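What follows is a single structure, written as structure tokens, with notes after it.
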Amino acid sequence: MQYKLHSVLAAALLAASFPLSAQTIVTFDDLKLPAENTSYLQGLKQDGLYPFTSGNATFYGRISYDGGMQSLFNYSNITDTIDGTFNNMWAAITGSGVDYSDNYGIAYAESDESDFGKSVENGPKLSVPATGAKVAGAYITNSTWGHHWIKENYKETDWYKLTIRGYLKQQRTTDSVVLILANGSGEVVDAWQWVNLQSLGLVDSLTFQATSSNTMTPFYFAIDNLITLDESCPSVQHIAAVSLNEESATINWSNIIPDFDARYELAWDQSATKEPLGTATETDGTTYEIKGLQPATTYYVHIRTKCGDGNFSAWDTASFQTLASNTIAGIQNSKTKVRISPNPATTTIHINSMEKTQVAVYNLEGKALIATAPTQIVDITNLPAGMYLLQVKDVHGQWTENIRFVKTN
């Protein structure tokens, strides 16, 4: 199964957050490189195995043939996605790591001399506390050289895939996971793909094996953000209030592991603590509407993952503020509907009405920020980025209900 990297876009980000994480992410960003656009193995000349460790995983690179060949695992910050030759062998086709990070892992899987259609198995060894636990998954993509070579040489029936296996005490687990990196129909992976590895079970090491119908395929692939569970329940992230009203708020969040199958406990109060003071509500999914709140009040929402084995993640907490009452500064709202555009906006907002009209802009606490003479265009250039409320005086001389808009930089 393949997953693409998702980003979270919310109408209003929460003002405070206390992130906690019990899993470990192998980002390769904790490893240093001497300069931009280089890799670890490129700075080594003497033959031998060269281990490097990120998070709870240790990988091994190899120098051989009197320094003339680099193979197995490497880490890189090369950004070149254009040069599709051997000279650019340690570049990922994405030009960066997951979430545009600098470093990423990259591998040349050495061919099996008995069958050039496949590579030998090789991969990282895990250290405590990841040993004997599940691996959540990793992001994988093609190398720049491999991507260009496949585009230029594959026939319609060709394919290239990566098989990932788990081992515990040198015994292979019963399952394996396969990622199709390319086929002859022109489908060649060019973005980071999430690969779920939980089906491998309890492991202390992983292996990767490249196979292809075309024995000339460069057996390269890139890897980033390998997530080990460390015998723990993965935490939540990206908590955001995507809809705010005077008495309610809709909260969205995601799990640090994409598409993780779990339930969640959620609680809210007015305490800026990591753990809730009151009783939590259990819920499926990653969206929940909180009702019965007070207007113009700051609340803290606390969320944690409940895993199937009965374990819980640490609490993650963030704050939001309900909107002020619809009656702002003594002005009564009417039911007249007015449309504005664009939304979000950066410099100006257009009032979609036949005639010019007075406009008022407020912050979420009800403080008046802009008051205009009759107009159809409102200049918001000087407002800081964030969410605001807008009211328009209608043809009856009444002020409309609050219209929410987002100011961007």
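Everything quoted here is computed from the prediction, not taken from an experiment.
Across all non-hydrogen atoms, the minimal contact from E246 to T322 is O-CB, 3.6 Å. Nearest approach of P124 to F208, heavy atoms of both residues: CD-CE1, 3.7 Å. Residues W315 and H302 approach most closely at CZ3-O, 3.4 Å, considering heavy atoms. A pairwise comparison of heavy atoms in W194 and N225 identifies CZ3-O, 4.1 Å as the closest pair. Taking all atoms of both residues into account, the shortest heavy-atom contact from D30 to T53 is OD2-O, 4.4 Å. Annotation for N77 and A35: closest pair ND2-O, 3.0 Å, computed over non-hydrogen atoms.
Atoms CD1 and OG, from I290 and S248 in turn, are 9.5 Å apart once rounded to the nearest 0.5 Å. If you take CD1 on I227 and OG1 on T27, they are separated by 11.0 Å, rounding to the nearest 0.5 Å. Rounding to the nearest 0.5 Å places NZ of K155 at 8.0 Å from CG of N214. To the nearest 0.5 Å, atoms NZ (K407) and OG1 (T347) are separated by 8.5 Å. Atoms OG and CG, on S205 and L126 in that order, are 6.5 Å from each other to the nearest 0.5 Å. Once rounded to the nearest 0.5 Å, the distance linking CH2 of W253 with OG1 of T286 reads 6.5 Å.
Side chain to side chain, T287 and N252 meet the donor-acceptor criterion of an N or O pair below 3.5 Å. Side-chain contact annotation: Y65 with S71, donor-acceptor N/O pair under 3.5 Å absent. D112 and S114 share a side-chain donor-acceptor pair at under 3.5 Å. In the model, D316 has no side-chain atom that pairs as donor or acceptor with a side-chain atom of S235 under 3.5 Å. For the residue pair N37/T79, the side-chain donor-acceptor check at 3.5 Å is satisfied. With no hydrogens or angles considered, no side-chain donor-acceptor pair links Y362 and N402 at under 3.5 Å. Between T381 and D379, the side chains place a donor N or O and an acceptor N or O closer than 3.5 Å (distance only, hydrogens not considered).
W90 pairs with exactly one of Y40, Y108, Y75, Y220 by the ring-ring contact (aromatic ring centres under 6.0 Å, His included) rule, that one being Y220. Of the options W192, Y100, Y104, a side chain to side chain donor-acceptor pair (under 3.5 Å) to T94 is made by W192 and by none of the others. Between S127 and the choices T228, N56, T58, T24, the side-chain contact (heavy atoms from CB on, under 4.5 Å) rule is met once, by N56.
T375 places none of its side-chain heavy atoms less than 4.5 Å from the side chain of I351. Considering only heavy atoms from C-beta on, P234 comes within 4.5 Å of C307 through its side chain. Counting heavy atoms from C-beta outward, L179 and F221 have side chains that stay 4.5 Å or more apart. By the 4.5 Å heavy-atom criterion applied to side chains, R404 and L389 are counted as neighbours. Counting heavy atoms from C-beta on, the side chains of I106 and S39 never come closer than 4.5 Å. Between L33 and D102 there is no side-chain heavy-atom pair separated by less than 4.5 Å. In this structure, E110 and L72 have side chains that are in contact, with non-hydrogen atoms separated by less than 4.5 Å. By the 4.5 Å heavy-atom criterion applied to side chains, I349 and V361 are not counted as neighbours.
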- prompt: Could you go step by step and tell me if W268 and I251 meet the side chain to side chain contact (heavy atoms under 4.5 Å, CB included) rule?
  reply: CA-CA 11 Å; W268 57 95; I251 308 299; over 6 Å; no
- request: Please step through side chain to side chain contact (heavy atoms under 4.5 Å, CB included) for the pair I180 and W159, ending with a clear verdict.
  value: CA-CA 8 Å; I180 304 298; W159 50 266; 5.6 Å; no
field: side chain to side chain contact (heavy atoms under 4.5 Å, CB included) between Q70 and I63, intermediate numbers included
entry: CA-CA 5 Å; Q70 306 158 12; I63 303 294; 3.7 Å; yes
message: Would T305 and I256 count as a side chain to side chain contact (heavy atoms under 4.5 Å, CB included) here? Give the steps.
response: CA-CA 10 Å; T305 309; I256 197 168; over 6 Å; no
message: I'd like to know whether K306 forms a salt bridge (charged side-chain N to carboxylate O under 4.0 Å, His left out) with E265, so could you lay out the CA-CA distance, the side-chain angles of the two residues, the decisive distance to 0.1 Å, and finally the verdict.
response: CA-CA 7 Å; K306 181 180 181 181; E265 285 196 347; 5.2 Å; no
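Here the side chain of T217 pairs no donor or acceptor atom with the backbone of T215 at under 3.5 angstrom. Of the possible donor and acceptor atoms, one in the side chain of T317 sits under 3.5 Å from a partner among the backbone N and O of K274. Without hydrogens or angle criteria, D80 side chain to D83 main chain gives a donor-acceptor distance under 3.5 Å. Checked by atom type and distance alone, the side chain of D99 never pairs as donor or acceptor with a backbone atom of S101 at under 3.5 Å. Formation of a donor-acceptor pair under 3.5 Å by the S254 side chain with backbone atoms of H238 is not found in this model. Side chain of T357 to main chain of K393: a donor-acceptor pair is present (N/O by atom type, distance under 3.5 Å, no hydrogens or angles). In this structure, Y160 contributes its side chain and A210 its backbone to no donor-acceptor pair below 3.5 Å.
Applying the side chain to side chain donor-acceptor pair (under 3.5 Å) definition to pairs two or more places apart or across chains, none involves residues 141-153.
The number of heavy-atom neighbours closer than 6.0 Å to CD of E289, taken from other residues, nucleotides and ligands shown, is above 12. Counted within 6.0 Å of CD on E36, heavy atoms from surrounding residues, nucleotides or ligands total 12 or fewer; the atom is thus considered open.
For L168, the side chain to side chain contact (heavy atoms under 4.5 Å, CB included) test picks out L202, D204, with sequence neighbours left out. For F28, the ring pair (Phe, Tyr, Trp, His ring centres under 6.0 Å) partners two or more places apart in sequence, or in a different chain, are F59.
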